[in-house]
Colleague: 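Sharing a structure, written as structure tokens. Questions coming.
In this chain, residues are counted from 1 in sequence order. In listed order, ligands and their atoms are each counted from 1.
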Amino acid sequence: MTESKTTLPRWSVERIRIIILAFAVTLVAGFGYPWYLATTTIHRATLPVGEINDLTTDVVKFNIPVYLNLSNASEDFIHKSQTALNTKLYSEYPGLKDFWSIELRRVIDHMDESQDYIINFNILPDKEEETFETVFVSPFSKRTDIELTNKVILSNRVEEFLCDTLMNRLFKFEISKFNDLKKGLNTDHIVFPYSSHYNLVFSLFVEDGTPVSWQSEDIIGLMNPLLQQLNHFSNFTISTQIQYYSNLNIPVEEGENLVVKQSDLSTFINYGDWNLNNNDINPTINFILYFPKATYASKSMIIENSKTNSFLIPQWGGVHIFNKKFDVYDDNDHFVIVKDELIPIFETFSSQLFQLLGLPLSDESDITSKSLLMRIDSLTRLSTYKHYTQSIQILKSLVKLTNELNEISIPEITKSFTLDALNNLKRCKDSLTLQQFNDAIIQSSQSLKNSNNAFFEKEIVQQVYFPSEHKLAVFLPLIGPICSMLTMNSIRQIKDWRSKKST
Ligand SMILES: *[C@@H]1O[C@H](CO)[C@@H](O)[C@H](O)[C@H]1NC(C)=O
Ligand SMILES: *[C@@H]1O[C@H](CO)[C@@H](O)[C@H](O)[C@H]1NC(C)=O
Ligand SMILES: *[C@@H]1O[C@H](CO)[C@@H](O)[C@H](O)[C@H]1NC(C)=O
């Protein structure tokens, strides 16, 4: 080794060193430095900060048209009723002023009672001294029939009666919920957080191993008409499963029948043993039909104090304990659960689904609250407002975060989601002005989705947890050895030049 070194001419070692040095310098200056800049310079797309800071829910206004069909209603009657309604509404709920209103209009030709709120007035002949007024709300449309006698009309009580019908029957739930929302109260602990997609999983949990079957087509057939009414609210995917050997963890009182206590319902679901995992990114709403083995001993399993033998689990789903009524068997003599048995159960499941989505309940004792379309309408408007508010909160938090952490980069994609969200909010507001509530909720849901995407963009989330100081820590082990090699090389070269000069 030493031999070959001495044979090499001195200038050539020097030249090689210079070449290496030059190469290294070019590499660092021409490639390394720009690369370092490119990977560490913070790109901050300009967010529409001013526009976001100006956002307010004050521009959101709900004005619901209600059409009156009173054969010879004078404009005067509509005007007088409107005044009476506003006075009553805003004295009871001052928070709703300039925010939520009902606009009374005269009915026009070719109205569709599945689209518009229509109130028909039927005037009945007078019977002796009695005055008479009734309300009937169609369960399948948005029509309401008010029947009254001339005496009521003459005593000028029609307006009063109309106000009462609107405020305490048709829009009761919506008014009180909006009033709560305006006050910043949100008391729904049952309702699922909103998603543009939910999985509905219907499970048949069988206590023992004896085969039982049901038709998943029956289930889809029972749920679909209802879900179609909600298609402006969210998407739903239905799936079904059957699981055996689903033991209960709770004591069941044995007697003529088996009784499950109300106090044991919270531990009814055997989360440990029953396979309920669903790793989908969309929320899952569970519906469980429990098939007890007592069925084979001709006993029923009954939930204490439950008319429908079912119960609801907040933000999770619904459960029904099934007691076989019809002896229908398949070819192997195993029980089949037939559609006729499923119908009442799915009425319960539907009503549980509504509760879990935040839909006003139909109060069994009050026939006037039963219209599904009206309830869905209320859910639509309430959700629109909630999404609008949440979307603004998220966008403002994004601005706050990027202002506070100026080390954080703002990717173009975040800007793009932000602009989309702002656009959705604007279109939502326009749809509300046009009283197109189904369009409004679609825009508000999109806005919520876009603002979430903007805020939870992975680059931003990463940086909040891995600030740029960490980058240096990553680079150091690489830069260290290279730098020391170059430095050693340079020092040696300089020494060489010096020794050359002195000789
Ligand atoms: C409607 O018109 C009829 C006759 O045209 C009249 O007898 C009745 O009082 C009117 N009803 C109202 C509420 O104005
Ligand atoms: C209004 O009432 C009349 C008479 O009761 C009825 O024929 C008509 O269909 C009603 N209009 C609407 C839009 O319901
Ligand atoms: C339903 O899903 C489609 C496709 O993912 C989506 O475009 C649409 O906005 C969703 N509907 C609602 C109401 O969120």
Colleague: For Phe205 together with Tyr244, are the ring centres under 6.0 Å from each other?
Modeller: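 No, ring centres 6.0 Å or more apart.
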
Colleague: Going by the order shown, which atoms of ligand 3 are within less than 4.0 Å of some heavy atom of Asn231?
Modeller: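 Listed by number with element: 13 (C).
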
Colleague: Could you list the atoms of ligand 2 found under 4.0 angstrom from a heavy atom of Asn120?
Modeller: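 What qualifies from ligand 2 is 1 (C), 2 (O), 10 (C), 14 (O).
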
Colleague: How many angstroms lie between CG in Leu47 and OG1 in Thr418, if you round to the nearest 0.5 Å?
Modeller: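 If I round to the nearest 0.5 Å, the distance is 5.0 Å.
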
Colleague: Can Gln443 and Asn424 be counted as having a side-chain donor-acceptor contact under 3.5 angstrom?
Modeller: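 Their side chains do contain a donor-acceptor pair, which is all the 3.5 Å distance test asks for.
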
Colleague: Please report whether atom 2 (O) of ligand 2 has a protein non-hydrogen atom at a separation of less than 4.0 Å.
Modeller: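 So atom 2 (O) of ligand 2 has protein heavy-atom neighbours under 4.0 Å.
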
Colleague: List ligand 3 atoms under 4.0 Å from Phe233, heavy atoms only on the residue side.
Modeller: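 Result: 13 (C).
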
Colleague: For Phe322 together with Tyr290, are the ring centres under 6.0 Å from each other?
Modeller: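 That pair fails the under 6.0 Å test.
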
Colleague: Could you check whether Glu341 and Trp214, counting side-chain N and O atoms only, form a donor-acceptor pair closer than 3.5 Å?
Modeller: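 Judged by distance alone, the side chains do not pair up.
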
Colleague: If you take the centroid of each ring, where Trp contributes its six-membered ring, are Phe233 and Tyr194 closer together than 6.0 Å?
Modeller: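 Yes - the distance between ring centres of Tyr194 and Phe233 falls below the 6.0 Å cut-off.
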
Colleague: Would you check if there is a donor-acceptor pair between the side chains of Glu103 and Gln82 at a distance under 3.5 Å?
Modeller: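 Short answer, no.
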
Colleague: Quick one: nearest non-hydrogen protein atom to atom 6 (C) of ligand 3, plus distance?
Modeller: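 Minimum-distance protein heavy atom for atom 6 (C) of ligand 3 reads Asn235 ND2, 4.1 Å.
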
Colleague: Decide if the gap between the ring center of Phe349 and the ring center of Phe346 is smaller than 6.0 angstrom.
Modeller: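 Under 6.0 Å, so yes.
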
Colleague: Which atoms of ligand 3 sit under 4.0 Å from any heavy atom of His232?
Modeller: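 Matching atoms, with element in brackets: 13 (C).
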
Colleague: Using heavy atoms and a 4.0 Å limit, tell me yes or no: is Ile441 in contact with ligand 3?
Modeller: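 It does not, in that no heavy atom of Ile441 comes within the 4.0 Å cut-off of ligand 3.
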
Colleague: Using heavy atoms and a threshold below 4.0 Å, how should the contact between Ile442 and ligand 3 be classified: side chain, backbone, both, or neither?
Modeller: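 Neither; no heavy atom under 4.0 Å.
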
Colleague: Please list, in number order, the atoms of ligand 2 under 4.0 Å from a heavy atom of Val107.
Modeller: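 Here the atoms of ligand 2 in question are 13 (C).
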
Colleague: Under 4.0 Å from a heavy atom of Ser234: give me the atoms of ligand 3 that qualify, with their elements.
Modeller: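 In order of numbering, the contacting atoms are 13 (C).
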
Colleague: Below 4.0 angstrom from a heavy atom of Gln446, which ligand 3 atoms are there? Numbered from 1 as shown, please.
Modeller: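 In order of numbering, the contacting atoms are 9 (O).
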
Colleague: Please could you name the atoms of ligand 2 that Asn69 approaches to less than 4.0 Å, counting only its heavy atoms?
Modeller: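 Counting from 1, the qualifying ligand atoms are 1 (C), 2 (O), 3 (C), 8 (C), 10 (C), 11 (N), 12 (C), 14 (O).
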
Colleague: Can you list the atoms of ligand 3 that are under 4.0 Å from a heavy atom of Ser196?
Modeller: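 Checking each atom against Ser196, I get 14 (O).
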
Colleague: Do Gln241 and Gln243 have a side chain donor and acceptor closer than 3.5 Å?
Modeller: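 Looking only at side-chain atoms, Gln243 and Gln241 do form a donor-acceptor pair, the distance falling under 3.5 Å.
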
Colleague: Students should be able to answer this: which protein heavy-atom is nearest to atom 5 (O) of ligand 2, and at what distance?
Modeller: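 That would be Asn122 OD1, 4.4 Å.
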
Colleague: Verify the distance criterion only: is there a donor paired with an acceptor across the side chains of Ser138 and Ser141 at less than 3.5 Å?
Modeller: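 Present: a donor and an acceptor within the cut-off.
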
Colleague: Determine, counting only non-hydrogen atoms of the protein, whether one lies under 4.0 angstrom from atom 12 (C) of ligand 2.
Modeller: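 Answer yes: something from the protein, a heavy atom, is under 4.0 Å.
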
